[in-house]
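Below, chain A is the first sequence line, B the second, and so on; all start at residue 1. Just so it is clear, the structure is predicted and the values come from calculations on it, not from any experiment.
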Amino acid sequence: MKSTRRKRFEKEVLSHLDRLYGYAIHLTRNGEDASDLVQDTYLNALRSEKQYSLGTNAGAWLFTIMRNTFLNKLRKSSRKPVGMAGEWIEQMAREDVAELKKMGPDPGMKFLDDLLQEDIVNAIESLPDEFREAVVLCDVQGFSYADIAEILEIPIGTVRSRIHRGRLILRNLLAEWKNIAMGGS
Amino acid sequence: MTCEDAHLHMHDYLSGELGAEYRKPLMDHLDACPNCRKFFLQTQQMQTFVRNAMSVAAPSELQSAVQSILANA
């Protein structure tokens, strides 16, 4: 017979299954590996159940476990994550401010209308890890800066900066792709 | 508010993190500055597209596997 605490624990952790799967796809970039990672995450969460206080932040707790589980697997398999941002990325973020100053006054609501969902996923996937993770945790998963800082184990100021710059880079990538798709130079 | 300040604040706004005291000054700036308003609307549209494109549901086999892990623990 399960205890009341146990039943509540299961309910709280199960409610994050879809989000965890989305994050796992994002980390592993592969549906099969993502399913394995989700199951490993739940097994590790069960092992650490006593560290979790019911009714607190199950989402951030589970995402932290998932990320650590993924990084441990990565270390063991000696597979390397995608590289960190280079100078070109920094340049792209800086160019955005220059571009803004040249913009005309139209409302700009059709910015992404001609892009496909696949283009957007590809653009996200092409971001360097540090920006991609922060943008996904904020804009897809809806975590606060404080939660993202906990999950990624970085200061809140760094989270904020990575989200801002990640969005700028993503925006420029999509604008460039759209320009190519529309036959522009 | 300068355009550079507006940029910083609009990202925080889109993240749901902008303090209440900055919201009105930001909205006033966006009303008055077409370039910043365009940038804001585009970034907001991109955020919605990204959220929709990246949101997935766990496959039913995975749901069953996770329920089984929890049930057998």
**Q.** OH/A:Y52: more than 12 non-hydrogen atoms of other groups inside 6.0 Å
**A.**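 Yes, the 6.0 Å shell around OH holds more than 12 heavy atoms from other groups.
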Q: Please indicate whether B:E21 has more than 12 foreign heavy atoms, meaning atoms of other residues, nucleotides or ligands, lying under 6.0 Å from its CD.
A: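 It does: B:E21 CD has more than 12 such atoms within range.
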Q: Using a cut-off of under 4.5 Å on heavy-atom pairs, state which of B:M54, B:M10, B:Q44 scores highest against chain A.
A: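 Greatest number of close heavy-atom pairs with chain A: B:M54.
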Q: Quick one: which of B:S55, B:P59, B:G16 has the most heavy-atom pairs under 4.5 Å with chain A, could you say?
A: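 Sorted descending by pairs with chain A, the first entry is B:P59.
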Q) Does B:E17 use its side chain to pair, donor to acceptor, with the backbone of A:Y145 at less than 3.5 Å? A)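 Yes; at least one donor-acceptor contact below 3.5 Å.
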**Q.** Atom of B:A53, atom of A:I120 and distance for their closest heavy-atom approach
**A.**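 Smallest interatomic distance, heavy atoms only, reads CB-CG2, 4.0 Å.
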Q | For the student: nearest non-hydrogen atoms of B:A58 and A:D18, plus distance | A |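 For B:A58 and A:D18, the tightest heavy-atom pair comes out as N-OD1, 2.8 Å.
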Hey, could you give me the [atom1]/[atom2] distance between [X] and [Y], rounded to the nearest 0.5 Å?
| X | Y | atom1 | atom2 | answer |
| --- | --- | --- | --- | --- |
| B:H11 | A:L168 | NE2 | CG | 4.0 Å |
| A:L17 | B:L62 | CG | CG | 5.5 Å |
| B:M46 | A:L170 | CE | CG | 4.5 Å |
| A:R171 | B:Q45 | CZ | CD | 10.5 Å |
| A:H164 | B:T43 | NE2 | OG1 | 11.0 Å |
| B:I69 | A:L14 | CD1 | CG | 10.0 Å |

Q: Please flag which part of B:Q63 lies under 4.5 Å from any non-hydrogen atom of chain A: side chain, backbone, both or neither.
A: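 The answer is both parts of B:Q63.
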Q) Cluster question for you: counting only ILVMFWY and a side-chain heavy-atom cut-off of under 4.5 Å, with indirect links fine, are B:L8 and B:L14 together? A)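 Looking at the clustering, B:L14 is in a separate group from B:L8.
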Q) Side chain, backbone, both or neither: which part of A:R160 has a heavy atom under 4.5 Å from chain B? A)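 The side chain, not the backbone.
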Q. Which atoms of A:R6 come close to chain B, meaning under 4.5 Å heavy atom to heavy atom: side chain ones, backbone ones, both, or neither?
A.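 Contact with chain B is through the side chain of A:R6 alone.
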Q. Out of A:S144, A:G22, A:A146, which one racks up the most heavy-atom pairs below 4.5 Å with chain B?
A.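 The residue among A:S144, A:G22, A:A146 with the greatest pair count is A:S144.
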